[in-house]
Protein chains: 2
Amino acid sequence: MERSAIIVAGGSGRRMGAAIPKQFLLLQGEPLLFHTLRAFHAFDPHMPLVLVLPADHHTTWEDLCAQHEFEVPHTLVAGGAERFHSTLEGLNSVLHDGLVAVHDGVRPLVSPALIARCFNAAMVRGAAIPVVPIPSSVRRVEGSTSHAVDRSALRAVQTPQCFKVDLLREAFELPYDPAFTDEATLVERLGVNIQLVDGEDHNIKVTTPFDLEVAELVLGGRG
Amino acid sequence: MERSAIIVAGGSGRRMGAAIPKQFLLLQGEPLLFHTLRAFHAFDPHMPLVLVLPADHHTTWEDLCAQHEFEVPHTLVAGGAERFHSTLEGLNSVLHDGLVAVHDGVRPLVSPALIARCFNAAMVRGAAIPVVPIPSSVRRVEGSTSHAVDRSALRAVQTPQCFKVDLLREAFELPYDPAFTDEATLVERLGVNIQLVDGEDHNIKVTTPFDLEVAELVLGGRG
């Protein structure tokens, strides 16, 4: 079955406190996104990769690729206002009816093994996402108060989120809703049960300077 | 107002996959708990510290303290079957009616500044805990299905959890309930509103080998 991956990198990097968008921050001397694209390339060097970036970052990206002689082939697509629109733009450039992975650009530490697990589960079940337990107590804030939430049933969602392409296309015909925070949220509105697979502790979302240090550590250890 | 801190270290370290309990694992060449106790000592060297450890680890602990010439004064207390019982044992050795902090032994990276924020908020409001946003999407598992949860109102709870001593004593007169996962859960059953203060990204709970690597990284950077 044909497979593609859409790497979504729409963030502005505000939480990072940096002047440059976080997807361009350097990790082991290279833009963070290089590592993300390389993980998917390592999983399957023949799989088409679609990178969704805000249009006003395209020149920067192309300069960075040239400057570092970045070796991973990919298609560059302009993102939209929200994650929803960016993923849809990526999906529009997937030209088969096989499987598609949607992955956060700022999760550079994903392993080929996890990508394989998610694709395999999606092939059988239609939709599969990686999740990990939440190790701390959790509270829900309501106005000026809060209350404890039973965390045993909660899971933190990672990416890649993998789907049969026709299922994801159908989900994107639903009207835009700001409650949409990931692709699984949308697909389950079709009545599809999302298969949960075991994620990875290392597969962190790099959104703070601390996360960037951790990512350096992990890559250093792998090196 | 008098203050004490109870450091609770009851875990067996099963998630760590190590033969020795995680609180004894080495961080920068010293047992992890040394760093935790030292953080509270740095905040206030005159504040009494109570360390709650399972009784069958006391000899190991005392040997480690002697071997490393550990310099932070503290009272050692035997823990109970669950966190509830361990905290209560610690509370029974707090001899004043001021403020008390209850802290996870395996959060060695807490800063003196965060300890101060929590104590200060508890002095005014009776009960205060540090929380941080949850950066990923969250799902709730229900049997063989799951559904998306709005994460914007969710917070991950850290420690130290700080309380007026009389309030915490009153809360511990409530019957034991397995739903009790932290001290705030118990205190809010008295009808007390828990003040939330900003936690710290660095203040992680060390429960996996990966967490231990991250903790090494952070301490190395501070060194």
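Note: hydrogens, waters and symmetry copies are ignored here, and every other heavy atom, side chains too, is used. Quick caveat: nothing in here was measured; it's all calculated off a predicted structure. Per chain, numbering begins at 1; letters A, B, ... match sequence-line order.
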Next on the checklist: Under 3.5 Å, is there a donor on one side chain and an acceptor on the other for B/Thr87 and B/Glu183?
Outcome noted: yes

Checklist entry - Stepwise, does the salt bridge (charged side-chain N to carboxylate O under 4.0 Å, His left out) test hold for A/Asp104 with A/Arg83? => result CA-CA 10 Å; A/Asp104 295 329; A/Arg83 165 81 174 224; 2.5 Å; yes

Checklist entry - For B/Asp150, is it the side chain, the backbone, both, or neither that has a heavy atom closer than 4.5 Å to a heavy atom of chain A? => result backbone

Checklist entry - Does the distance from a Lys or Arg side-chain N to an Asp or Glu carboxylate O, for A/Arg139 and B/Glu188, drop under 4.0 Å? => result yes

Checklist entry - If you tally heavy-atom pairs under 4.5 Å against chain A, which of B/Gln158, B/His147, B/Lys205, B/Arg151 wins? => result B/His147

Next on the checklist: Only pairs of heavy atoms separated by less than 4.5 Å count here; which of A/Leu217, A/Val149, A/Thr159 has the most with chain B?
Outcome noted: A/Leu217

Checklist entry - Counting N and O atoms only, with roles assigned by atom type, does the side chain of A/Thr36 sit under 3.5 Å from a partner on the main chain of A/Gly105, one being a donor and the other an acceptor? => result yes

Checklist entry - Picking from A/Glu216, A/Glu142, A/Glu213, A/Gln195, which has the most non-hydrogen pairs under 4.5 angstrom with chain B? => result A/Glu213

Checklist entry - So what's closer than 4.5 Å to chain A heavy atoms on B/Arg189: side chain, backbone, both or neither? => result neither

Checklist entry - Side chain, backbone, both or neither: which part of A/Leu196 has a heavy atom under 4.5 Å from chain B? => result side chain

Next on the checklist: Less than 4.0 angstrom from a charged side-chain N to a carboxylate O is my criterion; do A/Asp44 and A/Arg3 meet it?
Outcome noted: yes

